[in-house]
2 protein chains.
Amino acid sequence: MADMLPTGATIGILGGGQLGRMLSVAAARLGFKAHIFEPGTNPPAGQVADRVTTAAYDDENALKAFAESVDVITYEFENIPTQALDLLEAHRPIRPGREALRVSQDRLTEKTFLRGLGLKTAPFADITDLNSLQAAIDEIGTPAILKTRRFGYDGKGQARLRTPDDAEAALGDMAGAPSILEGFVEFSHEVSVIAARGLDGQVACFDPGENVHRDGILHTTTIPARLSPAQRTDAVLLAANILNALDYVGVMGVELFVTPEGLIVNEIAPRVHNSGHWTQNGCAVDQFEQHIRAVTGWPLGDGQRHSDVVMENLIGHDMDRVPELARERDIALHLYGKTDVKVGRKMGHFNRIVR
Amino acid sequence: MADMLPTGATIGILGGGQLGRMLSVAAARLGFKAHIFEPGTNPPAGQVADRVTTAAYDDENALKAFAESVDVITYEFENIPTQALDLLEAHRPIRPGREALRVSQDRLTEKTFLRGLGLKTAPFADITDLNSLQAAIDEIGTPAILKTRRFGYDGKGQARLRTPDDAEAALGDMAGAPSILEGFVEFSHEVSVIAARGLDGQVACFDPGENVHRDGILHTTTIPARLSPAQRTDAVLLAANILNALDYVGVMGVELFVTPEGLIVNEIAPRVHNSGHWTQNGCAVDQFEQHIRAVTGWPLGDGQRHSDVVMENLIGHDMDRVPELARERDIALHLYGKTDVKVGRKMGHFNRIVR
């Protein structure tokens, strides 16, 4: 692999949250240094990174100095301002590349892209005003869900429409942001595929996990997911399709609804994903190292698991459970070093190894 | 556990090598911050630690400031100067405690202590000059090995005596340092027990691993070791005995020779140990986290393994193998971020998960 970034090189990571933190640790495991760029002070990733730049995404000098200090740039979240990306990309490669960000930053673009690949999605419509919303309701029906096209995650920027009468209030919740109406899909359960594609085009997928959400936030991921052999093959091929179409380099989370009519793509995330945290204790090469391997041009791990795992998130005051969890066998704790416990805040997770 | 140090607290680690590095990562996994004290510049542990103090062990101001910035102090090596320990201990608890350091810093004290517990060791004698060396050779015979009492590791500070004629040259190699003559033991293989004892006296041992050395440096550790059920029980009880006798808190490496007459203690190390690196990919709680749990008053992991593992060290130019190893399945690489490749230098290791 002529393009393998040598051990000792520096990975620039945009975002200093828990994903950046676990990416930093994975980078270190391969002998790389991590440099975090993060506007907020005392980011969780900073505790395990070689270097931290605290600056805003419109601080051009800081961005330039950051780019010049690293060998490759990656990120832990998809909503990075376009101008920052333009500036960074002038100095160092950004992986995964801009096309993946362009597609996944906007729900409408994303769903249109997925349909273009021949994949199934929930019914959707572009919403610009009350008229277009009412027309969309006529077509899609209710219940449905109105979402901002950009900057949504973990259930934020969403409003549910139980009946057509909810249209006006839901639109008000969007506060004028361009939006998309999504119809509900009847599904038995949700699974996700954590897929990776290397710089040389090699694709490797981890075994699909089955996700359960609570209050719009991922609660557990269970491996293996309940899938028929045919569904399992479909899930992996579909994910590989998406990565190839984007000439993707890195790890991507692909969320799928399982329905009697087949798999429906819920959404894609061009980064390591909460539903892939189980790989830390189920695989020789976890999703974080897999991502680092991809963006540094290393060969990928094969994604095979050595153990079945149930991952569970610790949200807000779930942290009170830590002393008790620490006493249980076969549990691997992963805490994020966040000092302020807040309702709905992801504070850590644990992987229960099933023997 | 009333004494559990809360997540967010800071662990002070003396020594910034690969053991300090892997301790830092384990501390972060439980939400702790790591502060490294290390005289050398750019220590490997610094790349993943929240904070690094670069200062000598006789810099009293630096030691005091370090101690006051942390909640508990631990270490990655046993040869810490006594005066530094005295100063640090005046401010914060040092775990494992001073008695374990006193015993393990000196081969003569260590062997005398082990004999005092009724454990078997190689025959040994205190050597102060050529007369005492010749008397010891008369008693123990040759081949034998002369070792400095203090500051030896990985085969350094040792001279082999093939015949009594080698006495004078071997003594010269010690350069006047107090020494110990050790007789050879006929053993079939070496195993080690990575044992841990919590602040509340709870003891947990990982499964014994079988060690193979090359050029005086650990080459591989294979789990499980070749041991009869009775030997396995002996090994674990013997290790627990040592930890209890020292009122030990933390992880200890106990190296044992397997002989037809039973287990003989080779040496003990009051710290995480190279022969315990396999636990990173074999157990839910590895030796590094186990050590952090012990010194912070957390409950210990139970030490049970979910997978069989073969650990292999990457020494010096073994680093050239990394691109090839990265392509192999079931291999977890752990590189230490050291920039200078030197003959005999530990650069990394890998764990091969056996399925």
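These numbers come from the heavy atoms of this one structure, side chains and all, not from hydrogens, waters or symmetry mates. Note that this is a predicted model, so its numbers are computed, not measured. Chain naming here is simple, since letters A, B, ... match the order of the sequence lines and numbering starts at 1 in each.
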K.L.:
If contact means a heavy atom pair closer than 4.5 Å, which residues of residues 307-319 of chain B contact chain A?
P.N.:
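The list, in residue order, reads B/S307, B/M319.
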
K.L.:
Where does B/D330 contact chain A at under 4.5 Å (heavy atoms): side chain, backbone, both or neither?
P.N.:
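It is the backbone, since no side chain atom gets that close.
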
K.L.:
If I take atom CZ from residue B/R29 and atom CZ from residue A/R21, how far apart are they, to the nearest 0.5 angstrom?
P.N.:
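Rounded to the nearest 0.5 Å, the CZ-CZ separation comes out at 10.5 Å.
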
K.L.:
Heavy-atom distances under 4.5 Å only: say whether A/R51 touches chain B with side chain, backbone, both or neither.
P.N.:
neither

K.L.:
Between A/A49 and chain B, with a heavy-atom cut-off of 4.5 Å, which part of the residue counts as in contact: side chain, backbone, both or neither?
P.N.:
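Only the backbone of A/A49 comes within 4.5 Å of chain B.
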
K.L.:
Run through B/L335, B/L333, B/V322 and flag the one making a side-chain contact (heavy atoms from CB on, under 4.5 Å) with A/T7.
P.N.:
B/L335

K.L.:
Would you indicate whether the side-chain heavy atoms of A/V25 and B/V48 approach each other to under 4.5 Å?
P.N.:
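No, side chains not in contact.
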
K.L.:
Is A/R355 in contact with chain B via its backbone, its side chain, both, or neither, using a 4.5 Å heavy-atom distance?
P.N.:
side chain

K.L.:
If I measure from the heavy atoms of chain A, does B/I331 come under 4.5 Å with its side chain, its backbone, both, or neither?
P.N.:
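Backbone only.
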
K.L.:
Is it the side chain or the backbone of A/R352 that comes within 4.5 Å of chain B heavy atoms, both, or neither?
P.N.:
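When you check distances to chain B, no heavy atom of A/R352 falls under 4.5 Å.
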
K.L.:
Report, as yes or no, whether the 6.0 Å neighbourhood of atom CG on A/N244 holds more than 12 heavy atoms from other residues, nucleotides or ligands.
P.N.:
yes

K.L.:
Rounded to the nearest 0.5 Å, how far does CZ of A/F32 lie from CD of B/Q47?
P.N.:
12.0 Å

K.L.:
Among the options B/D286, B/D302, B/N281, pick out the one with the most heavy-atom pairs lying under 4.5 Å from chain A.
P.N.:
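Highest number of pairs under 4.5 Å: B/D302.
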
K.L.:
Picking from A/R305, A/E328, A/K338, which has the most non-hydrogen pairs under 4.5 angstrom with chain B?
P.N.:
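Going by pairs under 4.5 Å, I would pick A/R305.
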
K.L.:
Quick one: which of A/H306, A/H334, A/K33 has the most heavy-atom pairs under 4.5 Å with chain B, could you say?
P.N.:
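Looking at each option in turn, the highest pair count goes to A/H306.
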
K.L.:
Between B/Q304 and chain A, with a heavy-atom cut-off of 4.5 Å, which part of the residue counts as in contact: side chain, backbone, both or neither?
P.N.:
both

K.L.:
Write out, in numerical order, the residues from residues 66-74 of chain B with a heavy atom short of 4.5 Å from a heavy atom in chain A.
P.N.:
none

K.L.:
Give the member of A/G301, A/A28, A/A332 that has the highest number of heavy-atom pairs under 4.5 Å with chain B.
P.N.:
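When all of A/G301, A/A28, A/A332 are compared, A/A28 has the most.
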
K.L.:
Tell me which of these, A/A326, A/P6, A/G348, A/G337, has more heavy-atom pairs under 4.5 Å with chain B than the rest.
P.N.:
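The residue among A/A326, A/P6, A/G348, A/G337 with the greatest pair count is A/A326.
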
